[in-house]
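Taking it in order: structure first as structure tokens, then the write-up.
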Amino acid sequence: MRSRAGLVLTLALAVALVAGGCRGDGGANGELSSGGRTTVPSTTGVPPTAAPATTAGGGGTTTAPATAPAATAPATTQAPEACAVAAGQPAPPDTIRATYPTALAFAPDGRLFWAERAGTVRVWQGGEAREFATVATVTTEAGGGYSERGLLGLAVSPNFGRDHYVFGFYSNTDRSRQTVVRWTDCAGAGRDATIIVELPGGSDCCHKGGRLAFGTDGKLYVTLGELHVAAAAQDTADPRGKILRYNPDGSVPADNPFGAGNPVWAYGFRNPFGLAFSASGQLAVTVNGPTGDAGAPSSGYDTVVAAVAKGAGYQWPLCYGYSHALRGGGCGDGEQEPDWSSEGSTVVPTGAAFVDSGGPAAYAGRLVFCTFNGGMRILTPGSPHATVTSGPSECKLDVKQGPDKALYVSDPSGIYRVA
């Protein structure tokens with residue numbers, strides 16, 4: 001998320017990090033960042049990994065390279081009836097104990113999946129939490145220092161009833177790559193773990209991005225932070241500091257805006273750590289603000305773009321917040337400013353969701369997002385800028401609307417139902 005305060009796995013560390021912010025960079029803002037495999041465009045100092053889609057785990061028809069992180073899900077093909085889940089799954093309870101649930105995702109059958117930062121995906125099924133799959137990841141830097149790496153993103157296929165796919169985003173143990181992996185759900189167990197995209201992981205702690213969401217177009221959208229290389233955010237041939245768009249098999253759609261094979265959908269982001277689609281296809285992103293990098297202030301200026309446009313450019317690192325120029329320059333040629341900025345306050349925005357008209361009255365029809373430092377914010381469009389009001393304090397990591405129309409929010413120690 002941002003480098004402002006660490007996404008650490010023990011509650012004691014989490015509390016300590018809240019005290020220090022949550023943007024990372026060791027700074028006051030602390031960030032919470034706590035078919036075929038696609039080759040990203042070539043970038044200076046960030047060579048992409050080119051390889052066909054590979055199956056992680058034994059028994060598959062292809063073998064992952066020795067350096068590929070293992071996802072613990074044996075590659076086995078199951079008959080559809082053997083993988084079926086009993087109808088009438090109970091809704092998740094009001095509170096689920098969980099260990100740093102960074103990302104939430106609902107299947108259409110009502111089951112709640114969640115990603116725990118240390119590398120476990122779990123599912124609420126049959127009235128209990130079950131282990132769905134695990135990945136090999138890291139949550140510290142090599143010397144044990146602060147890091148925003150880990151299992152950071154989760155999404156369920158829009159065609160889940162037919163393909164049973166669940167997708168995750170995690171940082172590799174080599175600390176040089178990040179991976180999008182796809183599992184096939186079989187009665188609550190992840191099978192046939194397949195690496196579909198590999199992206200750079202950066203050389204230091206921070207700005208990893210890592211969020212996943214499916215659009216109404218059936219494409220998979222992925223956020224990647226600029227990995228502490230601010231200038232990369234404005235380079236459309238570089239995946240860093242971007243929202244990326246893929247087919248569900250990891251290939252690049254032919255109608256992406258910047259040419260064949262280029263996954264970039266929108267650019268100019270520092271560390272995008274919340275991603276949400278409305279039923280009408282509107283795409284929103286939350287972005288962690290600066291911590292003194294690129295000459296910007298050491299705190300504040302977290303932002304939300306409520307309607308990201310295809311091929312659009314946004315302002316980092318030319319400007320921050322509401323078009324505050326860096327180094328006396330302008331904000332670019334047509335680069336758009338955010339709909340909302342926290343300006344001098346540091347909130348550390350994380351997961352986001354559009355709530356439909358059937359949701360709880362206080363949130364129905366609105367874009368809501370979590371903040372690590374202050375809980376939920378409810379956004380109201382306005383001119384020249386949107387405004388926000390506060391919601392439940394437990395909304396620190398992610399928020400999703402369930403099939404029961406309630407909201408589910410997470411913090412470092414659990415998941416909570418908001419009706």
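- Considering OG of S323 and CD of Q336, their distance stands at 10.5 Å, rounded to 0.5 Å.
- The closest donor-acceptor contact from the side chain of Q315 to the backbone of P338 lies at 3.5 Å or more, if one exists at all.
- Formation of a donor-acceptor pair under 3.5 Å by the Q234 side chain with backbone atoms of F269 is not found in this model.
- Counting only heavy atoms from C-beta outward, the side chains of M376 and I378 approach each other to under 4.5 Å.
- F167 is not listed as a side-chain neighbour of L154, based on a closest heavy-atom distance of 4.5 Å or more.
- Formation of a donor-acceptor pair under 3.5 Å by the N256 side chain with backbone atoms of A254 is not found in this model.
- Nearest heavy atoms, P317 versus L326: O-CD1, 2.9 Å.
- Residues R177 and L199 fail the side-chain proximity criterion, which asks for heavy atoms closer than 4.5 Å.
- Looking at K242, its side chain does come within 3.5 Å of a backbone N or O of D235 through a donor-acceptor pair.
- Side-chain contact, Q178 with N172: no donor N or O sits under 3.5 Å from an acceptor N or O.
- Here the two rings, on Y301 and Y322, have centers that are 6.0 Å apart or farther.
- The structure places CG of N247 at 4.0 Å from NZ of K219, a figure rounded to the nearest 0.5 Å.
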| message | Quick one, E116 with V121, criterion side chain to side chain contact (heavy atoms under 4.5 Å, CB included). Give me CA distance, side-chain angles, the key distance, then yes/no. | response | CA-CA 6 Å; E116 296 184 342; V121 180; over 6 Å; no
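- Taking each heavy atom of A91 and Y408 in turn, the nearest pair found is CB-OH, 4.5 Å.
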| task | Show your working on side chain to side chain contact (heavy atoms under 4.5 Å, CB included) between Y165 and T184 and close with a plain yes or no. | result | CA-CA 5 Å; Y165 288 158; T184 301; 3.5 Å; yes
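- Rounded to the nearest 0.5 Å, atoms OG (S413) and CD (E394) are 9.0 Å apart.
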Side chains of residues 381-389: which donor-acceptor partners sit under 3.5 Å, not counting sequence neighbours?
from : atom 1 : to   : atom 2 : distance (Å)
H385 : NE2    : E337 : OE2    : 2.9

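- When side chains are defined from C-beta on, P200 counts as touching L227, because their heavy atoms get closer than 4.5 Å.
- Residues R240 and E226 are not paired through a salt bridge, judged by the lack of any N-O separation under 4.0 Å between the basic side chain and the carboxylate.
- Side-chain contact between F258 and W265: absent, with no pair of heavy atoms (C-beta onward) separated by less than 4.5 Å.
- Here the closest heavy-atom approach between residue G225 and residue P272 is recorded as CA-CD, 3.8 Å.
- The backbone N or O of V348 lies less than 3.5 Å from no partner atom in the side chain of N373, so there is not a single donor-acceptor pair.
- Under a 3.5 Å cut-off, the side chain of T346 and the backbone N or O of G300 do form a donor-acceptor pair.
- Between F132 and F113, a ring centre-to-centre spacing shorter than 6.0 Å is recorded.
- Distance check, rounded to the nearest 0.5 Å: CG of L275 to CG of L212 gives 8.0 Å.
- Residues W316 and P290 meet the side-chain proximity criterion, which asks for heavy atoms closer than 4.5 Å.
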| request: Walk me through it: do W340 and L379 pass the test side chain to side chain contact (heavy atoms under 4.5 Å, CB included)? | output: CA-CA 8 Å; W340 177 82; L379 188 137; 4.0 Å; yes
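- The two atoms that bring A118 and T137 nearest to each other are O-CG2, 3.4 Å, heavy atoms only.
- The pair R182-D192 does not meet the salt-bridge criterion, since no charged nitrogen lies less than 4.0 angstrom from a carboxylate oxygen.
- Taking OH of Y416 as the start and OG of S410 as the end, the distance is 8.5 Å to the nearest 0.5 Å.
- Contacts classified as salt bridge (charged side-chain N to carboxylate O under 4.0 Å, His left out) and involving residues 342-352 (residues at least two apart or in different chains) are not found.
- R130 and E128 are joined by a salt bridge, as a carboxylate oxygen and a charged side-chain nitrogen come within less than 4.0 angstrom of each other.
- Here the closest heavy-atom approach between residue S278 and residue F354 is recorded as N-CD1, 3.3 Å.
- Here Y246 and Y221 keep their ring centres 6.0 angstrom or further from each other.
- Interatomic distance, S298 OG to D293 CG, rounded to the nearest 0.5 Å: 10.0 Å.
- Looking only at distances, a side-chain donor or acceptor of S157 sits under 3.5 Å from a matching main-chain atom of N159.
- The cationic atom of R211 (NZ for Lys, CZ for Arg) lies less than 6.0 Å from the six-membered ring centre of F273 and within 45° of the ring axis.
- Taking the ring centroids of W114 and Y100, they lie at or beyond the 6.0 Å cut-off.
- Taking a cutoff of 4.0 Å between a charged side-chain nitrogen and a carboxylate oxygen, D185 and R191 do not qualify as a salt bridge.
- D411 places a side-chain N or O within 3.5 Å of a backbone atom of G414 that can act as its donor or acceptor partner.
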Taking distance alone, no hydrogens or angles, what donor-acceptor pairs closer than 3.5 Å link side-chain atoms of residues 304-312 to residues at least two apart or in another chain?
from : atom 1 : to   : atom 2 : distance (Å)
K310 : NZ     : D255 : O      : 3.0

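- Nearest heavy-atom pair, V264 versus T236, reported as atom, atom and distance to 0.1 Å: CG2-O, 3.6 Å.
- No hydrogens or angles considered: a donor-acceptor pair under 3.5 Å links the side chains of S251 and D249.
- In this structure, the side chain of S171 engages the main chain of G150 through a donor-acceptor pair within 3.5 Å.
- Looking at R270 and N288, their side chains come closer than 4.5 Å, going by heavy atoms from C-beta outward.
- Contact of the P248 side chain with the L220 side chain is not registered, since no non-hydrogen atoms from C-beta on lie closer than 4.5 Å.
- With hydrogens and angles left out, the side-chain atoms of D174 and S176 include a donor and acceptor closer than 3.5 Å.
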| task | Test D404 against R417 for side chain to side chain contact (heavy atoms under 4.5 Å, CB included), laying out the working first. | result | CA-CA 10 Å; D404 61 356; R417 184 175 185 269; 3.1 Å; yes
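- Judged by distance alone, the side chain of T223 and the main-chain N or O of G209 form no donor-acceptor pair under 3.5 Å.
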